[in-house]
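So you know, we letter chains A, B, ... as the sequences are listed, proteins then strands, and number each from 1.
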Number of protein chains: 2
Amino acid sequence: MNPSADGLLTPSDSTDSGAQQIRDAIRDAIVERRLAPGTKLSESDVGGLFNVSRTLARAALQALSYEGLVSVEKNRGAFVAYPSPEEARQIFAARRLVEPGILKSAAEHITAAQLKHLRHLLVEEGRLMGERGQSARRAEIKASGDFHLMLASISGNLIMQRFMEELVARSSLVIALYGQSSASSCGHSEHGDIITALEQKDVDTACHLMLHHIAHIEADLDLRERKSFGLKEAFEH
Amino acid sequence: MNPSADGLLTPSDSTDSGAQQIRDAIRDAIVERRLAPGTKLSESDVGGLFNVSRTLARAALQALSYEGLVSVEKNRGAFVAYPSPEEARQIFAARRLVEPGILKSAAEHITAAQLKHLRHLLVEEGRLMGERGQSARRAEIKASGDFHLMLASISGNLIMQRFMEELVARSSLVIALYGQSSASSCGHSEHGDIITALEQKDVDTACHLMLHHIAHIEADLDLRERKSFGLKEAFEH
DNA sequence: ATGGATTAAAGTGTATACAATAATTTGCAT
DNA sequence: ATGCAAATTATTGTATACACTTTAATCCAT
């Protein structure tokens, strides 16, 4: 039985090539934090939820494990990834390493239309910050990531784009686990500043702002080992 | 029937968890260029070669497609990837973007033992350059990549390490397709120079040398669209 | 012979079936 | 009641089976 997965996923009524679809749906659920880290994803449950056989469910889970969003343990099954503090540090180290370069490349290629699109994403993000409720929060989380992904897309490098997709998704998991201030939105204005620097073709400033921005997100994390003690320890004293 | 796969792969006699093993074996075969770009990898053939069912063969091929080493076309099957010139450019752009950062991080963490290990890899690489024959060539290709992977490993970031593994493997495919001077070894001395710079804690120089090195490899490529025209066109005039 | 439609073969997409492993429950002795 | 062992259940690992798509081969008409 998996009560926590009830109604969490949205099996889209579609005509597509199977596993990919399921993978995307589960990924969205993880990134938007409808599925908590550590949640068991049994093949039968996943298959049942999407009305497919275990074969496809398994393929989807396997795919997600390559992205680092799901960890599969031999003979034990798949779980929503539960990144360790060290893993979290490495994820953000990777972003610090990579995002300035992406930004630089994006600055070289960016068109007026794309700049407008970025601004559009920004106001959308702002609007969601104003709204209240679960679904607005989820949309906000996604929007915040989309800003970074849009930059990767503008950079014109598909490989870096896919890599950033992985990093952004995993970041969402890390923030879900270790984030403190519920305001994941704190970085909103920083996004705006980066766009402004881009508009002015000031790449160095933009990169600087980006590093600052990532540092801000990281600063909101409490990366102490969560021992996840069970019942007994939890109620001692 | 797939004659070209005959005797190319080495089904290791092992006790492991199935698909992973097959994936690794095929990846090695691709990276060491025993499998040419475009080669069809049918699920039955792969399964037969490793004495497993299509299920596992398929899983392995799927996994390789996530790494960009194999491309699977719906209802048509899996093929050793045949990167386009544009894809090739993006792979090397990604390396230029990422490797200086990795090198910087490696320089911060490197120990004396690791430096020694790097030097050891270097002499091994040199030794292989001297030898003659297919298997030496393959080993040399692998050794050349291992230098870059070792740096990623030293950087201490598992995520960047895995990313570099993907980039190095795909680079091998690109060189197989578009490389001109058969001497993939031309970069050997440059590897040495980078190590020397590392020894002297001169990170800036090391990064510079690295960028130069990557540029050198790229310069040896002829990135023109290969139309791969068939028979008729090939014999017109 | 050549071109095109039809038919046969081969291969992939997905579901199901069976074997092996891990988790859970039951039963028993203390 | 508590702790351990055996048996039961559930879940994963892998193979096989069947449906569907693509590719190749065959056949006929021109």
Side-chain angles (χ1 to χ4, degrees), chain A residues 1-6 11-26 35 38-66 70-82 228 230-232 235, chain B residues 1-6 11-26 35 38-66 69-81 228 230-232 235:
Chain A
M1 236 50 62
N2 186 355
S4 66
D6 230 22
S12 46
D13 50 351
S14 69
T15 335
D16 195 297
S17 66
Q20 185 123 339
Q21 183 115 11
I22 299 171
R23 172 170 69 86
D24 291 345
I26 297 180
L35 282 171
T39 304
K40 172 97 199 260
L41 301 171
S42 94
E43 298 177 355
S44 327
D45 287 358
V46 171
L49 220 71
F50 292 93
N51 297 311
V52 296
S53 73
R54 270 182 56 213
T55 307
L56 290 189
R58 185 183 178 86
L61 293 171
Q62 210 65 25
L64 287 165
S65 94
Y66 295 126
V70 158
S71 81
V72 308
E73 301 175 28
K74 173 159 177 166
N75 279 322
R76 282 191 24 90
F79 304 83
V80 178
Y82 197 105
S228 145
L231 261 304
K232 278 184 214 156
F235 285 95
Chain B
M1 246 32 72
N2 187 357
S4 66
D6 230 23
S12 48
D13 51 351
S14 69
T15 336
D16 196 297
S17 65
Q20 184 121 341
Q21 183 114 13
I22 298 170
R23 172 170 69 88
D24 291 346
I26 297 180
L35 282 171
T39 304
K40 172 93 197 266
L41 300 172
S42 94
E43 299 177 354
S44 328
D45 287 358
V46 172
L49 218 64
F50 292 93
N51 297 311
V52 296
S53 73
R54 269 185 55 214
T55 306
L56 290 189
R58 186 183 176 87
L61 293 171
Q62 209 67 24
L64 287 165
S65 95
Y66 296 127
L69 291 182
V70 158
S71 81
V72 307
E73 300 175 29
K74 173 157 176 164
N75 280 321
R76 282 191 23 88
F79 304 83
V80 178
S228 145
L231 262 303
K232 278 183 215 158
F235 286 94

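- Taking side-chain N and O atoms only, A:K40 has a distance below 4.0 Å to OP1 or OP2 of D:dT12.
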Atom pairs, protein N/O to nucleotides 23-25 of chain D N/O, distance under 3.5 Å:
from, atom 1, to, atom 2, distance (Å)
D:dT23, OP1, B:R76, NH1, 2.1

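- Counting all heavy atoms, side chain and backbone alike, A:A60 lies closest to A:R23 at CB-N, 3.8 Å.
- Helical stems involving DNA chain D, defined as 3 or more consecutive Watson-Crick or G-U pairs under 3.5 Å, span C:1-30 with D:1-30.
- One interatomic measurement links the two molecules: CD of A:E73 to P of C:dA20, which rounds to 23 Å at whole-angstrom precision.
- At a threshold of 4.5 Å between non-hydrogen side-chain atoms, the residues B:V80 and B:L69 do not count as touching.
- Spacing between atom CD of A:E43 and atom P of C:dA17 amounts to 17 Å, rounded to whole angstrom units.
- A distance of 11.5 Å separates CG in A:D45 from CZ in A:R54, rounded to the nearest 0.5 Å.
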Sort me out a list of protein N/O and nucleotides 15-17 of chain D N/O pairs below 3.5 Å, or just none if empty.
from, atom 1, to, atom 2, distance (Å)
D:dA15, OP2, B:S53, N, 2.9
D:dA15, OP2, B:S53, OG, 2.8
D:dA15, N7, B:T55, OG1, 2.8
D:dT16, O4, B:T55, OG1, 3.4

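- At least one side-chain heavy atom of B:L41 sits less than 4.5 Å from a side-chain heavy atom of B:L35.
- What separates CD1 of B:I22 from P of D:dG13 is a distance of 14 Å, to the nearest Å.
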Check: Between A:L56 and A:I22, does a side-chain contact (heavy atoms from CB on, under 4.5 Å) hold up when you go through it step by step?
Finding: CA-CA 8 Å; A:L56 290 189; A:I22 299 171; 4.3 Å; yes
